[in-house]
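What you are looking at is a predicted structure, and each value in this text was computed from that prediction instead of being measured.
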There are 2 protein chains.
Amino acid sequence: MAARPGAHVCGIDAAMTVIGGKWKVLILWALHDGTRRFGELRRLVPGVTEKVLASHLRELENDGIVRREVHDEVPPRVEYSLTPAGVALNTALAPLSAWGRDHAMTAPAGRRIHGVTLIPRPPGRLVVVSG
Amino acid sequence: MAARPGAHVCGIDAAMTVIGGKWKVLILWALHDGTRRFGELRRLVPGVTEKVLASHLRELENDGIVRREVHDEVPPRVEYSLTPAGVALNTALAPLSAWGRDHAMTAPAGRRIHGVTLIPRPPGRLVVVSG
DNA sequence: GTGCGCACGCACCTCGAAGTGCGTACTTGA
DNA sequence: TCAAGTACGCACTTCGAGGTGCGTGCGCAC
C-alpha cells in the first residue's frame, strides 16, 4: 500500500516507526540507565532472540537512537548507549507510561502484546519479570 | 512464549497494547476533535479497510478509549467519540509526536510503518495526506 | 426495480516481522 | 581437549495482524 520511505510528517508516525518493533521499548528501557553490552541486553530483555536483538539494535542505531561502540579486542566487545535523541525519546515515552500505569488498573486488559513485563525502579535499575 | 493476559505492570506495555494496531493512532487523531461517524472515520483514515476499522474501533471501545453510541434509526447511525481516558491518551501522545517531529528532520528515516501521513492543525481540524 | 449507502460480520488469504538453527574466529576456564 | 562465551550474519520457517471479498436488511434516488 504505497510504500513511500521518509514521507511521515506527523511526529507520531515517525515515533511509531522507531518504537514499533516488538522489543524496541524494552531495549530503550534497558538502556536508559547507561551503557550496556550485547549480552547484558540479551539478559535484560528475556525472551528476545539474538537475531532480533541484533537487528533491532541496528535499526535503532540507524535511527540515531542508540550509539554503538565497537572495541577491537580479542573477546569482541560492543557497547550500546543512548544518544541524546534516545534520551529525549525515553523522556517523551514517560507520560505514555504514566497513562498506561493509571489506565491498566481500570481496564479489563484481556489482551497483551509482549508477554513480558518490566518494572522500572527510580534509582536506575530495571527489574524484568518474564510472563 | 507464555501468553499471560493482563499481566503488564509497566505502563508502556499497556499503552503499546492499546496503540499497537496499525491504524490506532490515526483513529485517535481523527477522533480528537469531536464525534465522528463510521463513514467519516473511513474517509479520514484513507487506506484502512472497513473490517480493520471496525475491529480496531471495537478494541478501542473495549479498552475504554472510545465511546460508541448506536442510534436505532433506519439508516443505521453509529457515533464514536473519545472517553476521558482517550483524551488523556491523546495528551500523553503529544510529547511523542513532538519528539518525532523534531527527530524526523534530522534522521534519514529510510523506513516507514504506515504509508499515510497526517498533519494536525491547531484549530482542531485534521488534514490527512495519503502516501 | 435497480443500484447505492449505511455499519458492520464472516471466511479466506497474504505477507512481513519475528523465531529457529547453524555458522563464524577467537579466548578463557575446567 | 572440550565446552562455553562473545557479537553477530544467513537461510529457513512460523504465525497472526491486516487485507480482500462477499453478505446482511433497510431506505432512498433514479
Side-chain angles (χ1 to χ4, degrees), chain A residues 1-3 5 16-27 30-31 35-62 66-81 111-116 130-131, chain B residues 1-3 5 16-27 30 35-62 66-81 110-116 130-131:
Chain A
M1 190 175 307
M16 289 301 286
T17 306
V18 173
I19 63 173
K22 185 175 177 180
W23 308 94
K24 294 283 185 69
V25 288
L26 304 190
I27 295 171
L31 281 174
T35 299
R36 296 288 183 191
R37 299 182 55 182
F38 186 86
E40 286 181 288
L41 289 174
R42 184 158 42 104
R43 282 185 289 270
L44 282 171
V45 186
V48 68
T49 61
E50 299 184 350
K51 172 224 164 184
V52 172
L53 179 58
S55 67
H56 278 193
L57 283 169
R58 288 303 173 105
E59 292 179 12
L60 290 172
E61 185 195 0
N62 287 336
V66 303
R67 181 176 13 247
R68 181 183 136 94
E69 295 175 68
V70 184
H71 300 261
D72 197 10
E73 300 172 0
V74 263
R77 188 157 64 95
V78 183
E79 288 185 337
Y80 295 93
S81 56
R111 293 171 296 111
R112 107 271 66 132
I113 198 169
H114 280 157
V116 288
S130 88
Chain B
M1 194 176 302
M16 289 300 287
T17 306
V18 173
I19 63 172
K22 186 174 177 180
W23 309 94
K24 295 283 184 69
V25 288
L26 304 189
I27 296 171
T35 299
R36 296 288 182 190
R37 298 182 55 182
F38 187 86
E40 286 182 287
L41 289 174
R42 184 158 43 103
R43 281 184 290 270
L44 282 172
V45 186
V48 68
T49 60
E50 299 184 349
K51 171 225 166 185
V52 172
L53 179 58
S55 67
H56 278 192
L57 283 169
R58 288 304 174 104
E59 292 179 12
L60 290 172
E61 185 194 3
N62 288 335
V66 303
R67 180 175 16 246
R68 182 181 133 98
E69 296 174 67
V70 183
H71 301 260
D72 199 11
E73 301 173 0
V74 265
R77 188 158 62 97
V78 184
E79 288 184 336
Y80 296 93
S81 56
R111 293 170 297 109
R112 105 276 65 127
I113 198 170
H114 280 154
V116 288
S130 87

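Side-chain N/O atoms of B:Tyr80 and B:Arg68 include a donor and acceptor closer than 3.5 Å.
Screening B:Val45, B:Val66, B:Ile27 for a side chain to side chain contact (heavy atoms under 4.5 Å, CB included) involving B:His56 leaves a single residue, B:Ile27.
Within 4.0 Å (heavy atoms only), B:Pro76 reaches at least one base atom of the nucleic acid.
Per the geometry, CG belonging to B:Leu41 stands 16 Å off C1' belonging to C:dG5, to the nearest Å. In this structure, B:Tyr80 places its OH atom 7 Å from C1' of C:dA7, rounding to the nearest Å. Whole-Å rounding puts the B:Leu53 CG to D:dT20 P distance at 14 Å. Across the protein-nucleic acid pair, A:Phe38 atom CZ and D:dT6 atom C1' stand 9 Å apart, rounded to whole Å. In this entry the distance linking NZ of B:Lys22 with P of D:dG16 reads 18 Å, nearest Å. Put simply, CD on B:Glu59 is 10 Å from C1' on D:dA17, counting in whole angstrom units. We find that CD of B:Glu50 is positioned 12 Å from C1' of D:dG23, with the value rounded to whole Å. Rounded to whole Å, atom C1' of D:dG18 lies 15 Å from atom CE of A:Met16.
Contact check on B:Arg77 versus B:Glu79 returns a salt bridge, with a Lys/Arg side-chain nitrogen under 4.0 Å from an Asp/Glu carboxylate oxygen.
Between the base of D:dG19 and the side chain of B:Lys51 there is a donor-acceptor pair shorter than 3.5 Å.
OP1 or OP2 of C:dG9 has at least one side-chain nitrogen or oxygen of B:Arg58 nearer than 4.0 Å. Contact between the side-chain N/O atoms of A:His56 and the OP1/OP2 oxygens of C:dA17 is not found at any separation under 4.0 Å. For the OP1/OP2 pair of C:dC6 and a distance below 4.0 Å, the side-chain nitrogens and oxygens of B:Arg42 include at least one atom meeting the criterion.
For A:Ala54, the listed nucleotide lying nearest its side chain is D:dC8; candidates were D:dC8, C:dG19, C:dA7. For A:Trp23, counting side-chain heavy atoms from C-beta on, the closest listed nucleotide (C:dG19, D:dG19, C:dA7) is C:dG19. Among D:dA7, D:dG18, C:dC8, the nucleotide with an atom closest to any side-chain atom of B:Val52 is D:dG18. Across D:dG25, D:dA7, D:dT20, the shortest atom-to-atom separation from the side chain of A:Arg68 is found for D:dA7. Comparing D:dA7, D:dC8, C:dC6 by their closest approach to the side chain of A:Arg37 singles out D:dA7. With distances taken from any side-chain atom of B:Arg43 to the nucleotides D:dA7, C:dC6, C:dA7, the minimum falls on C:dC6.
If B:Arg77 and A:Thr49 are placed on DNA chain C by their nearest nucleotide, the residue sitting closer to the 5' end is B:Arg77.
Between A:Leu53 and A:Thr49, every side-chain heavy-atom pair lies at or beyond the 4.5 Å cut-off.
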I'd like to know whether B:Glu50 forms a salt bridge (charged side-chain N to carboxylate O under 4.0 Å, His left out) with B:Arg42, so could you lay out the CA-CA distance, the side-chain angles of the two residues, the decisive distance to 0.1 Å, and finally the verdict. CA-CA 7 Å; B:Glu50 299 184 349; B:Arg42 184 158 43 103; 3.3 Å; yes
